[in-house]
Amino acid sequence: MVKNFLAALAAVFALSACAARLSTHPAIAGDLGAPVSTTQMLEALRQPGSIAFEQVIAADWTWSEDFATPGVEPPDWQDEPLEGQVYFYKLRHPTRGLILIDTGLPADTPRYLGAVVRNVFDIDNTLTTRLSTADALGREAPGAVLLTHLHWDHVLGARDLPREIPLYVGPGDGAMRHFLLRFIAPATRRALEGRGPLREWRFSADPDARTAGVIDVFGDGSIFAIHAPGHTPGSTAYIVNALDGVHLVTGDAVHSAAGWRGERVETITFDPDRPRAWETLAQLQALAAAIPGVIVHPGHQVLGKAR
Ligand SMILES: [Zn+2]
């Protein structure tokens, strides 16, 4: 018994010694936006929208996801294939010009992933690039990129963007540690290679306690960053008041349409904080319920109008 305990302890130490950060790229406090309350944001969203919103499908991607049946205790986790896609979003602001949410992917994505990721995800057979970021943007460079988080499938398209374009991300996203990150962190490092420091959103507590913090990105009620921790510590969702209605981009706070609808409970192996991830999802769903006609975009599937 003692021997088994010591062996288990040794294994835990060995794994924690191997824990790696998601990113060691330098980060500074972001220079955009100011905190507002969730209620102030919801009031601003009653005004007509001004942003042209476009979802770009960067790639088709099928991978194995952990799903459980809602309400079953203990949860009946099962691996199921998720028929997903990789997206980014082009936002055209009337005075700020082109702004991106996430980056899409470069045409030569597999070469940045490393052998372990390529094999574990069987990338060469499961990921099909549809439109590289370079092809999607042509010669146009965005003024800024608003990242949902630093996983490679959201940030690798930065390879196709001029290095001086600032990248905004939630606080502490790179500081996340997990032993599995040893294998995916190199792709994030290659995505950010040669760029200046990341700019971290300066969230503060929501006075209404309805979210983990909201920032009015340009101070004009057009785009809001919402702290959505759990999948990663800095995970950020975005709300865009667009010409065709209000859009909620969740990032990987939820991956799938079924996850958003509550038909499946989802997670992935290295979600560092599952209870927080589910709390965030509940907050985003309550937020969506308060925005008539909101169009919800889960991280890797299309949902369309939720209500
Ligand atoms: Zn992710």
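This chain uses plain numbering: 1 for the first residue, then up along the sequence.
- Taken to the nearest 0.5 Å, the NE2 atom of His178 stands 12.0 Å off from the CG atom of Leu22.
- Connection of Val302 to Leu91 is established within a shared hydrophobic cluster, with ILVMFWY side chains joined at heavy-atom distances below 4.5 Å, either directly or through further cluster members.
- Note on Leu82: it does not cluster hydrophobically with Trp278, by side-chain heavy-atom contacts below 4.5 Å among ILVMFWY residues.
- Side-chain contact between Trp61 and Ile123 is present, with at least one heavy-atom pair separated by less than 4.5 Å.
- Annotation for Thr133 and Thr103: closest pair OG1-O, 2.5 Å, computed over non-hydrogen atoms.
- Judged purely by distance below 3.5 Å, without hydrogens or angles, the side chains of Thr69 and Asp76 pair a donor atom with an acceptor atom.
- With respect to the salt-bridge test (charged N to carboxylate O, under 4.0 angstrom), the residues Glu140 and Arg92 qualify.
- Counting all heavy atoms, side chain and backbone alike, Ala253 lies closest to Thr280 at CB-CG2, 4.1 Å.
- With rounding to the nearest 0.5 angstrom, the CG atom of Asp135 is 14.5 Å from the CZ atom of Arg130.
- Interatomic distance, Leu42 CG to Phe224 CZ, rounded to the nearest 0.5 Å: 8.5 Å.
- With rounding to the nearest 0.5 Å, the separation of CG in Leu167 from CG in Leu147 is 5.5 Å.
- Between Trp63 and Thr126, every side-chain heavy-atom pair lies at or beyond the 4.5 Å cut-off.
- Residues satisfying the ring-ring contact (aromatic ring centres under 6.0 Å, His included) criterion with Phe218, sequence neighbours excluded, are His93.
- Classified by interplanar angle (parallel below 30°, tilted 30° to 60°, perpendicular above 60°), the ring pair His247/Phe53 is parallel.
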Determine whether Trp260 and Leu248 satisfy the following criterion, side chain to side chain contact (heavy atoms under 4.5 Å, CB included), listing intermediate values before the conclusion.
CA-CA 12 Å; Trp260 174 263; Leu248 166 60; 3.9 Å; yes
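- Distance check: Leu32 CG to Ile99 CD1 gives 8.0 Å after rounding to the nearest 0.5 Å.
- Pairs of residues two or more places apart, or lying in two chains, that qualify as salt bridge (Lys or Arg N to Asp or Glu O under 4.0 Å) and include a residue from residues 23-50 are Asp31-Arg199.
- Smallest separation of non-hydrogen atoms from Gln55 and His297: NE2-ND1, 3.6 Å.
- Taking 4.5 Å as the limit, some side-chain heavy atom of Leu287 sits within range of a side-chain heavy atom of Ile239.
- Leu150 has its side chain within reach of Val169: a pair of non-hydrogen atoms, C-beta onward, lies under 4.5 Å apart.
- Residues Ser222 and Ser50 have side chains that never bring a donor and an acceptor to within less than 3.5 angstrom of each other.
- Residues Asp273 and Pro229 have side chains not in contact (no heavy-atom distance under 4.5 Å, counting atoms from C-beta outward).
- Two residues are said to be in side-chain contact when any heavy atoms from C-beta on lie closer than 4.5 Å; Thr109 and Val86 fail this criterion.
- In the hydrophobic clustering of this structure, Val265 does not group with Val254; members are Ile, Leu, Val, Met, Phe, Trp, Tyr whose side-chain heavy atoms approach within less than 4.5 Å, directly or through other members.
- Leu303 places a side-chain heavy atom less than 4.5 Å from the side chain of Arg261.
- Donor-acceptor pairing under 3.5 Å is lacking for the side chains of Ser256 and Glu65.
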Side chain to side chain contact (heavy atoms under 4.5 Å, CB included) between Ile101 and Thr148: does it pass, once the steps are laid out?
CA-CA 7 Å; Ile101 297 177; Thr148 59; 4.1 Å; yes
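- Both Tyr238 and Ile57 belong to a common hydrophobic cluster when Ile, Leu, Val, Met, Phe, Trp and Tyr are linked at side-chain heavy-atom distances under 4.5 angstrom.
- When the options Ser235, Pro233, Ser204, Pro171 are evaluated for a side chain to side chain contact (heavy atoms under 4.5 Å, CB included) with His227, the one that passes is Pro171.
- In the hydrophobic cluster analysis, where Ile, Leu, Val, Met, Phe, Trp and Tyr join through side-chain heavy atoms closer than 4.5 angstrom, Leu161 is grouped together with Trp152.
- For residues 155-168, the salt bridge (Lys or Arg N to Asp or Glu O under 4.0 Å) pairs, not counting sequence neighbours, are Arg159-Glu193.
- Thr188 is not listed as a side-chain neighbour of His25, based on a closest heavy-atom distance of 4.5 Å or more.
- Ring geometry for His151 against His149 counts as perpendicular: the plane angle is over 60°, on a 0 to 90° scale with 30° as the lower cut.
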